[in-house]
There are 2 protein chains.
Amino acid sequence: MLGPITLRNAQPPARRDSDPANTLDHVDRQLLIALTEDAGVTNKALAGRLGLAESTCAYRVRALREAGIITGTRIQLDLALLGYPLQAIIMVRLGSHTMANVNQLYDALAATPGVVQAFHVAGADDFYLHVAVENAEALRDFVLQHVTSHRVVRQTETHLVFDVRGGAGVLTAPPGR
Amino acid sequence: MLGPITLRNAQPPARRDSDPANTLDHVDRQLLIALTEDAGVTNKALAGRLGLAESTCAYRVRALREAGIITGTRIQLDLALLGYPLQAIIMVRLGSHTMANVNQLYDALAATPGVVQAFHVAGADDFYLHVAVENAEALRDFVLQHVTSHRVVRQTETHLVFDVRGGAGVLTAPPGR
DNA sequence: TGTGAAATATAACGCTA
DNA sequence: TAGCGTTATATTTCACA
C-alpha cells in the first residue's frame with residue numbers, strides 16, 4: 001500500500017502552492033483517477049498501468065499526499081450487510097442562527113452514531129444529514145432522540161434514500177487543460 | 001496494505017451469510033472502525049492495536065472483504081486544492097416518472113463530471129446531487145448544461161454547501177450487542 | 001529513471017485449543 | 001471453527017548511481 005509518508009531529503013511539494021490545480025499534470029491526474037477507482041492498488045500495478053517507473057510512481061503519489069491533494073484513504077462499507085439497510089436524508093432547520101448554535105449543533109450531529117455524512121448548507125435549511133439505520137422505527141427514534149431533541153432545531157424533514165452512488169468525481173474532465 | 005485478495009483454497013466467508021450483522025463480533029467491529037479511520041494502516045499496526053496476531057488480523061480483514069462488508073477502498077481528495085472549491089447540493093425533480101426515465105437520468109447524472117455523489121430519494125424530489133465545481137459560473141453552467149438539459153427534468157433547486165463532514169458512521173454503537 | 005538491498009506485508013501451511 | 005506462529009513469496013521503501 002502507498003502508506004504514510006515521511007519525506008527526509010527531497011522537497012517535492014513546493015510546486016503546488018499558489019495554484020495547485022494548474023500544476024497538476026496529466027500523470028498526476030491519471031494517478032488520482034486510478035486511485036479513486038481503487039485505492040488498494042499496488043504501486044507496481046499503478047506504475048504499470050500508467051507506464052511509469054515504480055520509483056517515479058511511488059514518488060508522485062507520495063508528493064500528492066504531501067501536497068494535501070490526497071487527504072487520506074477510507075474503506076467503503078456495505079451498510080445494509082452491516083444491519084443498517086435504511087438510509088435517509090434529514091434536513092434540519094434551526095430557530096436561532098448564532099455562530100455558537102450552528103457550530104455546536106454541527107459538531108453534535110456529525111458525531112451522532114448513524115450519521116454517515118453531514119452537510120452544512122446555505123438557504124432555508126441549515127444541515128442535511130445522511131443517515132443509515134436499522135429500520136423505520138430506528139429512523140423515527142433517531143430524529144426524535146438525536147435531532148429534534150436539540151433546542152435550536154426548529155424543524156426537520158426526512159427523505160428516504162432509495163440508492164446512493166458515487167459520482168464521476170471532478171477528475172474525469174481536466175479543467176484548464 | 002490490505003490489498004486485493006485472491007483466495008485459492010480457503011473459503012473463509014461462510015460464516016456471515018444469512019444474518020451478517022449478528023455474526024460480526026467485537027473484533028470485526030474494531031477492525032472496521034480502525035480501517036474507517038485510516039484504510040492505509042498496515043496490517044502489522046492494525047494487529048498490534050487490537051492485540052491480534054498478524055496472521056489472524058490479515059485473515060479477518062480478508063474475510064470481511066470476501067463477505068462483502070468491506071466493498072472497497074477510496075482515497076479522499078481535497079477538492080478545493082484540486083481547483084473545485086465550490087460545492088453544492090442540487091435537488092432534481094422529474095416531470096415523468098417512468099422506470100426508464102428515472103434509471104436513465106440517474107445513470108446520466110451520476111456519470112456527469114463534477115458529481116461527487118448522487119442520491120435517489122423518495123418524495124417530491126427525485127435526486128440530490130452533490131457536486132463540486134470551480135466557481136459560481138461553473139455551477140450555473142453545470143445545472144444548465146448537465147441537469148436541466150435533460151428533458152425529463154422539470155425543476156432544480158441548488159443549495160450551496162458551506163462544509164461537509166464525514167459523520168460518526170454506524171459502527172460506534174453496536175446494534176444488538 | 002533505474003537498480004539493489006533491507007524492511008515489510010501477504011499467503012499458505014500446520015498446529016493448538 | 002478461530003487463533004497463532006512460521007515459512008516462502010511478493011511488495012514497498014530508501015539510498016545511490
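First the proteins, then the strands, lettered A, B, ... as listed; each starts at 1. Just so you know, these numbers use all the heavy atoms, side chains as well, and skip hydrogens, waters and symmetry mates. Note that the structure is a prediction, hence the values are computed from the model and not measured.
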With the criterion being N/O to N/O and under 3.5 Å, what pairs connect the protein with nucleotides 2-5 of chain C, and how long is each?
unit_1 : atom_1 : unit_2 : atom_2 : d
dG2(C) : N7     : S55(A) : OG     : 3.1

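- Annotation: salt bridge (Lys or Arg N to Asp or Glu O under 4.0 Å) contacts of E37(A) (sequence neighbours excluded): R49(A).
- With sequence neighbours excluded, the residues satisfying ring pair (Phe, Tyr, Trp, His ring centres under 6.0 Å) with H130(B) are F119(A).
- In the set dT12(D), dA2(D), dT8(C), the nucleotide with an atom closest to the side chain of K44(B) is dT8(C).
- Of the possible donor and acceptor atoms, one in the side chain of T73(A) sits under 3.5 Å from a partner among the backbone N and O of G40(B).
- In this entry the distance linking CG of L46(B) with P of dG3(D) reads 13 Å, nearest Å.
- For the salt bridge (Lys or Arg N to Asp or Glu O under 4.0 Å) test, no residue two or more places apart in sequence or in another chain qualifies with R151(A).
- With sequence neighbours excluded, no residue forms a salt bridge (Lys or Arg N to Asp or Glu O under 4.0 Å) with D141(B).
- The listed nucleotides are dA9(C), dT12(D), dA2(D); the one nearest the side chain of N43(A) is dT12(D).
- Put simply, R62(A) has a side-chain N or O that comes within less than 4.0 Å of OP1 or OP2 on dC14(D).
- Note: CG (L50(B)) to P (dA2(D)) measures 17 Å, nearest angstrom.
- When the salt bridge (Lys or Arg N to Asp or Glu O under 4.0 Å) test is applied to D78(A), no partner is found at least two apart in sequence or on another chain.
- Residue T42(B) places at least one side-chain N or O closer than 4.0 Å to OP1 or OP2 of dA9(C).
- For the pair Y59(A) OH and dT12(D) P, the interatomic distance rounds to 19 Å; values are reported in whole Å.
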